[in-house]
Visitor: 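Supplied in structure tokens, the structure appears directly below.
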Amino acid sequence: MVLKLQKKIRNMQIKQPNIVFVTGYEEFMNKVLSIHTFDYIIKPIDKNRVTSVLDDLLFWYNSDKNKTREKMRFKTIDGVVTLYLDEILYFEYKNRRIDIVTLNNIYHMYSKMKDIAKLLEKYNFCVPHAAYVVNLAEIDRYMKNDNQIFMSNNEPIPISQLKARQFKKEYIHFLSNIQGN
């Protein structure tokens, strides 16, 4: 039954998970490994073996993640900076400049928000308010009744009435895409 489940998972049109079997049945090892299982641990469980497999999984995950990460250069007040798009939480227009708020820093630049929004729309960034362009993947909470969202750094971002319908549509589309993967 487990082998059938693994074959079903492999045939789905999703990013394939890494499957590690932990079992006391050594006789299934060749069959399981032939359908591209990440690893196979035989009971009784050896702590060093589990640690080794987890280290391999982390190495694979991190190297795969870094291959697919999108980067972009921005001309900031202090010079040109290259940022991974998945580390950008949002852009905020204030005091006649744009702040790029990332996980670890805030960069300042001069530009137009509509240019930033256009540049980033294909990377799951959206405009909930004229003063903001947000990374949809970094939204922690959407408070429909309060017309605001909270980003992963817990900062509230307002949703303007003018942009509320379009924002909701884009956010729902984004969520349905990630749940489908």
Visitor: Please evaluate residues Met113 and Val127 with respect to the criterion side-chain contact (heavy atoms from CB on, under 4.5 Å), reporting the C-alpha separation (whole Å), side-chain torsions for both, the decisive distance (0.1 Å), and the verdict.
Guide: CA-CA 9 Å; Met113 287 302 276; Val127 181; over 6 Å; no
Visitor: Is there a path of hydrophobic side-chain contacts, each under 4.5 Å between heavy atoms, that joins Leu175 and Ile159?
Guide: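 Looking at the clustering, Ile159 is in the same group as Leu175.
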Visitor: With a 4.5 Å heavy-atom cut-off, do His108 and Thr76 have their side chains touching?
Guide: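 Answer no - side chains too far apart.
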Visitor: What about Leu120 and Leu103, same hydrophobic cluster or not, with Ile/Leu/Val/Met/Phe/Trp/Tyr joined at side-chain heavy-atom distances under 4.5 Å?
Guide: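 Hydrophobic grouping puts Leu120 apart from Leu103.
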Visitor: Counting only N and O atoms by type, is there a donor-acceptor contact under 3.5 Å from the side chain of Asn135 to the main-chain atoms of Ile88?
Guide: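 Yes, because the side chain of Asn135 sits within donor-acceptor range (under 3.5 Å) of the backbone of Ile88.
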Visitor: Say you draw a straight line from CD of Gln148 to CZ of Arg141; how long is it, rounded to the nearest 0.5 Å?
Guide: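 These two atoms lie 8.5 Å from each other.
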Visitor: When you group the ILVMFWY residues by side-chain heavy-atom contacts below 4.5 Å and let the links chain together, are Leu119 and Val81 in the same group?
Guide: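 Hydrophobic grouping puts Val81 with Leu119.
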Visitor: Give, for atom CG of Leu85 and atom CE of Met72, the distance between the pair rounded to the nearest 0.5 Å.
Guide: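 Leu85 atom CG to Met72 atom CE measures 5.0 Å (nearest 0.5 Å).
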Visitor: Which of parallel (below 30°), tilted (30 to 60°) and perpendicular (above 60°) describes Phe167 and Tyr142?
Guide: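 Ring orientation of Phe167 relative to Tyr142: perpendicular.
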Visitor: Run Tyr171 and Leu136 through side-chain contact (heavy atoms from CB on, under 4.5 Å) and show every step you take.
Guide: CA-CA 7 Å; Tyr171 189 52; Leu136 293 171; 3.8 Å; yes
Visitor: Is there a side-chain contact between Pro128 and Ile157 (heavy atoms, below 4.5 Å)?
Guide: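 The answer is yes; the side chains approach within 4.5 Å.
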Visitor: Are Tyr123 and Phe174 connected in a single hydrophobic cluster, I mean Ile/Leu/Val/Met/Phe/Trp/Tyr linked by side-chain heavy atoms less than 4.5 Å apart?
Guide: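 No; tracing contacts between hydrophobic side chains, which count when under 4.5 Å, never links both residues.
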Visitor: In this structure, would Leu54 and Val22 fall into the same cluster of hydrophobic residues linked by side-chain contacts under 4.5 Å?
Guide: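 Linked, Leu54 and Val22 end up in one cluster.
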Visitor: What are the two closest heavy atoms between Lys112 and Ile98, and how far apart are they?
Guide: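 Closest heavy-atom pair between Lys112 and Ile98: C-CD1, 4.0 Å.
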Visitor: Hey, is the main chain of Glu155 close enough, under 3.5 Å, to the side chain of Asn153 for a donor-acceptor pair?
Guide: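 The answer is yes, because a donor-acceptor pair under 3.5 Å joins these two groups.
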Visitor: Evaluate Leu83 against Lys71 for side-chain contact (heavy atoms from CB on, under 4.5 Å), listing each step before the verdict.
Guide: CA-CA 5 Å; Leu83 300 172; Lys71 289 192 256 184; over 6 Å; no
Visitor: Rounded to the nearest 0.5 Å, what's the gap from CG on Asn147 to NZ on Lys163? Could you check?
Guide: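 NZ of Lys163 is found 14.0 Å from CG of Asn147.
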Visitor: Strictly by modelled atom types, are Ser152 and Glu138 linked by a side-chain donor-acceptor pair under 3.5 Å?
Guide: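 Per modelled atom types, Ser152 and Glu138 side chains form a pair under 3.5 Å.
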Visitor: Within 45° of the ring axis of Tyr110 and under 6.0 Å from its six-membered ring centre, is that where the NZ or CZ of Arg97 lies?
Guide: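 That pair does not qualify as a cation-pi contact.
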Visitor: Ring centres under 6.0 Å, that's the criterion: do Phe91 and Phe74 meet it?
Guide: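 Yes, the ring centres sit under 6.0 Å apart.
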Visitor: For a side-chain contact (heavy atoms from CB on, under 4.5 Å) check, start with the C-alpha distance between Leu89 and Val134, then their side-chain angles and the critical distance, and finish with the verdict.
Guide: CA-CA 6 Å; Leu89 304 180; Val134 301; over 6 Å; no
Visitor: Inspect the surroundings of NE2 in His173 and state if more than 12 heavy atoms from other residues, nucleotides or ligands are less than 6.0 Å away.
Guide: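 No, because the 6.0 Å sphere around NE2 of His173 holds 12 heavy atoms or fewer from other groups.
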Visitor: Please confirm whether the backbone N or O of Val101 pairs with a side-chain atom of Asp99, one donor and one acceptor, at under 3.5 Å?
Guide: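 Not at all, since once roles are kept as given, no pair shorter than 3.5 Å links the two residues.
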Visitor: To the nearest 0.5 Å, what is the distance between CE (Met151) and CG (Asp140)?
Guide: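 The distance works out to 9.0 Å.
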Visitor: Distance from Tyr132 atom OH to Lys94 atom NZ, nearest 0.5 Å?
Guide: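 Here the rounded value is 7.5 Å.
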Visitor: From Leu162 CG over to His129 NE2, what is the distance, rounded to the nearest 0.5 angstrom?
Guide: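 Interatomic distance, Leu162 CG to His129 NE2, rounded to 0.5 Å: 10.0 Å.
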